[in-house]
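Here is the structure we will look at.
We're numbering straight along the sequence, starting at 1.
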Amino acid sequence: MRRKLWLLLCALGVLGTAACGAGEGKANAAAKSKVVKSSAAAKTSAEPKTNGGESAASAKAAASDSAEAATEPAMPASTAEGRAETAEATLGIIQTGEYLCFQSSLYTYGEFQRDMAALQKNAGAALRVDEIGQTVDGNKLYDFRVGNPAAERHLLVFGGIHAREYITAQLVMRQLVQLLSDQSTNGSYENIAVRELLSNTEIHFIPMANPDGIGISQLGLEGLHTEAVRETVRQIAAKDGKALTESYLRQWKSNANGVDLNRNFDALWESYNDHLGHASADHYKGTAPECELESKALADLTRQFQFDATLSYHTQGEVIYWNFGQEGELKNMSLLLANRVSELTGYRLDGNFQALDTAGYKDWAISKLGIPSLTIEAGHGGNPVDPAQMDAIWRENRDVVPMTLKLLKEGQLRRAR
């Protein structure tokens, strides 16, 4: 009740800017985005805040944070539609600037968990959070679901599958928070209400698909919880012939078992030569497709919901990979989605899949399940991408989710059955 009164006072302008916690608006981001808020929302929406960086001590504290993440059991289909109708009634105003994904210069697993807890509290029934797995280091994998749970259409957006590309976890979390904010303030995209875009679509966000690896890349051995996993990392470094230096750990790409998760899917996996044959910080494909908890969780979720489109965020290069030799309708839909994302982001297209590594998630989703799927490489200049690029990456990708929802609503995207 107090929070609702506080929000009302902010909306009416009774409280000052500082009291309402609104950061200074970023005019460039607002001007570029095609998502339009209602006039009432303009009074309550806070723009992203930035800070000058996070101290090493606070980063370590954030990495060890384990805020409780309440998950909800699956509901019968007969009750799902009723819940969809009441979701908006329980959705409070979501102010993006309040969330750490709009503030942090690193965005650790602990910060991610704190954002999750705040979203669960503020979004009510508009947000459903499912735990879809637990890693060897004890971190949980979460599927954030927004939209109609009885939907005919489903969209998957995920990031953070490659450890050193952790800025994508922050990006996908921003996309989730922004979508809920637009829903809460009756925002629209190209004159279509976001609530309408979600009326017959459910979108699944997995911001951090490889939390163990991200912890290693961000904080080294301090980013891990258990001594057993730290010892595994030491052994992997020995197999790589590398000293356990900060620079070696910072470039970590795999999960904590030393498997490159995006080389662990059943898409020409057998013929892919990783030139290693052993666990490594980078490129090892594992002992079999989906041999890792994280990759299997993604594959199981995809098989369960039979997504109509998937977006996989990586860094870097500002390029969109859309092709895996698909033909006909599936090729046309994949290229349509790629072109639309390119128009928003300015990223170039690359369809020369023969020159790329195989066994990735996008390759598998296209070839095995007929799903129009993209790998979107954000940022430039090497990995990990400089956090100073975060705001530019956000401006480029802010509208990608509502744009894709619009294509789904129009029937231009669907799984090729």
Side-chain angles (χ1 to χ4, degrees), residues 50-67 69 99-116 134-142 158-174 206-227 229-234 236-237 240 242-262 280-282 292 294 313-316 377-379 381-391 393-394:
T50 59
N51 61 21
E54 186 180 73
S55 69
S58 64
K60 292 178 181 179
S64 62
D65 252 349
S66 56
Y99 292 87
L100 295 170
C101 59
F102 282 92
Q103 303 172 28
S104 177
S105 62
L106 191 63
Y107 205 58
T108 63
Y109 182 76
E111 290 175 317
F112 161 70
Q113 283 192 309
R114 294 208 295 276
D115 272 353
M116 176 177 63
Q134 184 166 312
T135 68
V136 294
D137 199 42
N139 292 316
K140 294 179 180 179
L141 305 174
Y142 295 104
F158 72 91
I161 194 170
H162 279 154
R164 66 193 185 199
E165 301 169 19
Y166 51 77
I167 200 169
T168 61
Q170 187 171 4
L171 170 62
V172 173
M173 198 65 176
R174 282 193 182 191
I206 302 177
M208 201 170 286
N210 179 14
D212 292 359
I214 287 176
I216 294 169
S217 180
Q218 289 179 335
L219 302 168
L221 295 184
E222 295 290 331
L224 296 170
H225 306 303
T226 64
E227 182 57 34
V229 177
R230 294 189 192 101
E231 180 57 30
T232 297
V233 171
R234 295 186 188 102
I236 292 170
D240 280 341
K242 302 289 185 179
L244 205 65
T245 62
E246 180 180 349
S247 61
Y248 169 75
L249 294 174
R250 184 168 172 76
Q251 288 298 314
W252 197 273
K253 190 176 184 181
S254 303
N255 69 353
N257 285 333
V259 175
D260 184 333
L261 296 174
N262 208 42
S280 174
D282 188 357
E292 298 305 294
E294 299 92 339
Y313 273 101
H314 290 252
T315 58
Q316 46 77 41
E377 301 273 359
N383 286 311
V385 166
D386 188 338
Q389 295 184 39
M390 184 68 245
D391 286 343
I393 291 172
W394 173 234

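Under the rule for a side-chain hydrogen bond (donor to acceptor under 3.5 Å, both in side chains), Ser217 has no partner lying at least two apart in sequence or in another chain. Phe112 pairs by the ring pair (Phe, Tyr, Trp, His ring centres under 6.0 Å) definition with Tyr109, Phe144, not counting sequence neighbours. In this structure, the side chain to side chain contact (heavy atoms under 4.5 Å, CB included) partners of Glu377, at least two apart in sequence or on a different chain, are His314, Val319, Tyr321, Thr375. Listed by chain and number, the residues in a salt bridge (charged side-chain N to carboxylate O under 4.0 Å, His left out) with Arg230 are Glu227 (sequence neighbours excluded). For Gln316, the side-chain hydrogen bond (donor to acceptor under 3.5 Å, both in side chains) test picks out no residue, with sequence neighbours left out. Under the side chain to side chain contact (heavy atoms under 4.5 Å, CB included) criterion, Ser280 pairs with Asp240, Leu276, His278, Tyr284, sequence neighbours left out.
Taking each heavy atom of Ile161 and Asn210 in turn, the nearest pair found is O-ND2, 3.2 Å. Between Ile214 and Tyr166, the shortest heavy-atom contact is CG2-CB, 3.8 Å. In this structure, Tyr107 and Gln218 approach most closely via the heavy-atom pair O-NE2, 3.1 Å. Here the closest heavy-atom approach between residue Ala209 and residue Leu261 is recorded as O-CD1, 4.2 Å.
Side-chain atoms of Ser254 come within 3.5 Å of backbone atoms of Ala281 as a donor-acceptor pair (strictly under, hydrogens ignored).
Rounding to the nearest 0.5 angstrom, the gap separating the CG atom in Leu141 from the CD atom in Glu294 is 6.0 Å. Rounded to the nearest 0.5 Å, atoms CG (Leu244) and CG (Leu249) are 4.5 Å apart. One finds the CD1 atom of Ile216 at 5.0 Å from the CH2 atom of Trp252 (value rounded to the nearest 0.5 Å). Distance CE/Met208 to CD/Gln170: 9.0 Å, rounded to 0.5 Å. For the atom pair NE2 (His162) and CG (Asp260), the distance works out to 3.5 Å, reported to the nearest 0.5 Å. With rounding to the nearest 0.5 angstrom, the CE atom of Met390 is 9.0 Å from the OG1 atom of Thr168.
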Exercise. May I have the step-by-step check of side-chain contact (heavy atoms from CB on, under 4.5 Å) for Leu106 and Leu219, ending in yes or no?
Key: CA-CA 10 Å; Leu106 191 63; Leu219 302 168; 4.3 Å; yes
Quiz item: What's the verdict on side-chain contact (heavy atoms from CB on, under 4.5 Å) for Asp282 and Gln251, showing C-alpha distance, side-chain angles and the deciding distance?
Solution: CA-CA 8 Å; Asp282 188 357; Gln251 288 298 314; over 6 Å; no
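Side chains of Asn255 and Asp212: a donor-acceptor N/O pair is absent below 3.5 angstrom, by distance only.
Side chains of Met173 and Leu100 form no contact here, defined as non-hydrogen atoms less than 4.5 Å apart. Taking 4.5 Å as the limit, some side-chain heavy atom of Val385 sits within range of a side-chain heavy atom of Asn383.
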